[in-house]
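Have a look at the structure below, then the notes.
Everything numeric here is computed off the predicted structure, so don't read it as measured data. Chain letters run A, B, ... following the sequence lines, proteins first and then strands; every chain starts at 1.
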Amino acid sequence: MTVRLFDTLSGEARELEPLEPGHVRVYSCGPTVYGPAHIGNFRSFLFADLLVRYLRYRGYRVTWVMNITDVDDKIIRGAAATGIMIEELAARYTEQFLADARTLRMTMPDVLPRATAHIPEIVALIQTLLEHGHAYRTDDGSIFFRIASWPAYGRLSRLDPAQLRVGERVEADDYGKDDVRDFALWKGPKPGEPVWETAIGPGRPGWHIECSAMSMRHLGPSFDIHTGGIDLIFPHHEDEIAQSEAATGQTFVRTWLHCAHLQTGGEKMAKRTGNIARVAELLERGISPRALRYALISAHYRTSLAYSDESLAAAASAVQRLDALLGALDAYRQERPGDASLEALLKGARAAFEAALDDDLNISPALAALFELVRELNRRIDARSLSTADAACAAAVIRDLDRVLGVTAGEAPERLPDELVALLEARAAARAARDWAESDRLRAELAARGIVVEDTRDGQRWRRTGEGEQRWVNHG
RNA sequence: GGCGACGUACCCAAGUGGCCUAAGGGGGAGGUCUGCAAAACCUCUAUUCGCCGGUUCGAAUCCGGCCGUCGCCUCCA
């Protein structure tokens, strides 16, 4: 069994064969830190996270690089509008991004390179392109990539350069271009904009060049996987290929993976349409981060995903179903011989889970396999047909599969204040004495203090009421 | 205008020629279990896959047309 991934450039699914056997190098286009990212952005970051988690689950060593664009037109405008330095604005939203990423349990990339920390690499790349005749200067000190010098331009996006509509938003300072379709590698100095004094003159980097410079700096001139949103295919990734391959003469990226858009209200979630939701706002509304993560990763990455309050609620229920099972397995105690068919059940579920994800990260059948296992384990819990050791074994398998998904509750349960623990213990005692009136009174009292209690054959379990992060904790 | 994706139950969403009288999650309706509650389990909730033709022994799956939705075409994850 091998991992197959759908490559945008060739238009076909291909087996993953890392350049260096056993070691996969992945570059993901990360955020431009001009404001807080919305959850549509996070869909694409979490898709990359899922990829990395699965490859590691599969035993690959993975080097994952995600860039942070900390200088661009929007950041400059944003800083000017709020009267702060661009470094300050970028730092603020970089922090915000990292906080949101942690909230959503995104694996931390091995490297998070910032554009402003890679000016020498960017300049060197542009110098090479100038030397090879793929780039030219204009009067204002800008440097452009000459599309006409690169016949393969348009292959990734399947666009014919000759057919490209010339945008209406051509800036005044772009008039010096030889061809309106040429794109900026370096932007000449302008008042009020950051300027670097470099060997190619003063100015600042264009958007596309940073990804080429940073990916090749950290992963080499040729690497395995490059991810991003589908909207980056053109022009961003098309430009990356052109400038990188024109400079090195080598294949830039072996497999291009693109994540489809998050849809809400029937259209793409985008800042310009205003139909956005942000992680911090959802947290304030009491949404569980794990439910949000589940909602964003639970559909195949190449299909657009409908997001709504309803989809979020469905995700929350699905996550709670997993929580409830794990809680039940952890509390389960039964002296009896082991379940002879359990091993085959667990192996079968794992095999189905892996087969689905091997197939271009097809997560839907993987989740189906997981939930079929959940139902079967619940049946066996009800039937008391598992031994204590069986239950622990089953829980371990679920948690192992969750290394890929990252949606189950963490290991460290919350400690309740002593007075609430006392109430739980009093209730357990009342139940042991079959004093139902007292038991119900204590349940109501706990409920009034925000604690839901349930009774199982293996004792009480509790969790906090309301929205937000919830998990069942077994108690006696 | 050019290029592309998609249309499966109340919602989300797999399945891309026979194992489909169509996964899984959510929601809804009944039931079992339970002191009660919750959880869990069981049954039901698409004889049908946008519409119309065609190919085939056989199609949700292939082909053609039509209708509809969405995306990209130098801000974009």
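Spacing of P atoms, B:C6 relative to B:A14, comes out at 11 Å, to the nearest Å. Taking atom C1' in both B:U61 and B:G50, the straight-line distance is 15 Å, to the nearest Å. Taking the P atom of each, B:G18 and B:G26 are spaced 29 Å apart, rounded to whole Å. B:A13 and B:C3 have their C1' atoms separated by 27 Å, given to the nearest Å. B:G7 and B:G31 are spaced 38 Å apart, taking the P atom of each and rounding to whole Å. Taking the C1' atoms as reference points, B:C63 lies 13 Å from B:G17, given to the whole Å. For the P atoms, the distance from B:G24 to B:G15 is 15 Å, rounded to whole Å. Across the P atoms, B:C10 and B:G54 are found 28 Å apart, a figure rounded to whole Å.
For A:L305, the listed nucleotide lying nearest its side chain is B:A13; candidates were B:C41, B:A13, B:A23.
Note on A:G40: a base of the nucleic acid sits closer than 4.0 angstrom, heavy atoms only. No contact: A:S308 has no heavy atom under 4.0 Å from any strand. Contact annotation for A:R77: no contact, since no heavy-atom pair falls under 4.0 Å across all strands. Residue A:H300 is classed as a sugar-phosphate contact, given heavy-atom separations below 4.0 Å to backbone atoms only. Within the 4.0 angstrom heavy-atom criterion, no nucleotide atom of any strand lies near A:D72. Within the nucleic acid shown, A:S311 has no heavy atom closer than 4.0 Å to any nucleic acid atom. As judged by a 4.0 angstrom heavy-atom cut-off over every strand, A:A260 is placed among the base-contacting residues. Residue-level contact check: A:D440 touches the bases, meaning some heavy atom is under 4.0 Å from a base atom. No contact: A:R302 has no heavy atom under 4.0 Å from any strand. Contact annotation for A:A270: no contact, since no heavy-atom pair falls under 4.0 Å across all strands. Within 4.0 Å of A:R457, counting heavy atoms only, lies no atom of the nucleic acid at all.
Aromatic ring centres of A:F252 and A:F223: separated by under 6.0 Å. Between A:H208 and A:H237, the ring center distance fails the sub-6.0 Å criterion. The aromatic ring centroids of A:F97 and A:F42 lie less than 6.0 Å from each other. For A:W462 and A:H475, the gap between ring centers reaches or exceeds 6.0 Å.
Residue A:R181 places no side-chain N or O under 4.0 Å from the OP1 or OP2 atom of B:C73. Distances shorter than 4.0 Å separate some side-chain N or O of A:S317 from OP1 or OP2 on B:G27. Phosphate contact (OP1/OP2 of B:G15, side-chain N/O of A:N362, threshold under 4.0 Å): present. In terms of phosphate contacts, A:R379 brings no side-chain nitrogen or oxygen within less than 4.0 Å of OP1 or OP2 of B:C33.
The pairing partner recorded for B:A39 is none, the criterion being a Watson-Crick or G-U wobble arrangement whose two distances lie under 3.5 angstrom. Base-pair partner of B:U16: not found among the strands shown (Watson-Crick or G-U wobble, both distances under 3.5 Å). Summarising the base pairing, B:C3 is matched to B:G71 through a Watson-Crick or G-U wobble pair whose two defining distances lie under 3.5 Å. The partner of B:C62 is B:G54, judged by Watson-Crick or G-U wobble contacts that both fall below 3.5 Å.
A:S10 and A:R14 are linked by a side-chain donor-acceptor pair at a separation below 3.5 angstrom, with hydrogens and angles left out of the test. Under 3.5 Å, the side chains of A:E238 and A:S157 contain a donor-acceptor pair of N or O atoms. A:S364 and A:N362 share no donor-acceptor pair across their side chains, judged by distance under 3.5 Å alone.
Annotation: cation-pi pair A:R302/A:F6 present, NZ/CZ under 6.0 Å from the ring centroid and within 45° of its normal.
Taking the 5.5 Å centre cut-off and the 30° plane limit, the aromatic side chain of A:F371 is not classed as stacked on B:G24.
With hydrogens and angles ignored, a donor-acceptor pair under 3.5 angstrom links the side chain of A:R431 to the base of B:G35. Not a single donor-acceptor pair, N or O on each side, falls under 3.5 Å between the base of B:C75 and the side chain of A:D73. With hydrogens and angles ignored, a donor-acceptor pair under 3.5 angstrom links the side chain of A:R443 to the base of B:C36.
Here A:Y301 contributes atom OH and A:L46 contributes atom CG; the two are 15.5 Å apart, rounded to the nearest 0.5 Å. Separating the CG atom in A:L185 from the OH atom in A:Y136 is a distance of 9.5 Å, to the nearest 0.5 Å.
For the pair A:N275 CG and B:C76 C1', the computed distance is 13 Å after rounding to whole Å. The interatomic distance linking A:L262 (CG) with B:A77 (P) rounds to 13 Å, in whole Å. A:I233 has its CD1 atom 16 Å from the P atom of B:C75, to the nearest Å. Following rounding to the nearest Å, A:D458 (CG) and B:C33 (P) show an atom-to-atom distance of 20 Å. Atom OH in A:Y34 sits about 6 Å away from atom P in B:A77, given to the nearest Å. Atom CG of A:D160 is separated from atom C1' of B:C3 by 10 Å (rounded to the nearest Å). Atom CG in A:L156 sits about 14 Å away from atom C1' in B:C73, given to the nearest Å. Atom C1' of nucleotide B:U34 and atom CZ of A:R434 are separated by 11 Å, given to the nearest angstrom.
When each of A:D382 and A:C259 is assigned the nucleotide of RNA chain B bearing its nearest heavy atom, the one mapping closer to the 5' terminus is A:D382. Where A:A315 and A:G30 meet RNA chain B, the nucleotide closest to each residue was compared, and A:A315 sits on the side nearer the 5' end.
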Give each protein N/O atom lying under 3.5 Å from an N/O atom of nucleotides 68-72 of chain B, with the pair distance.
from, atom 1, to, atom 2, distance (Å)
B:C70, O2', A:Q263, OE1, 3.1
B:G71, OP1, A:K268, N, 3.2
B:C72, OP1, A:K268, NZ, 2.4

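Within a 6.0 Å radius of CZ in A:R379, more than 12 heavy atoms belonging to other residues, nucleotides or ligands are found.
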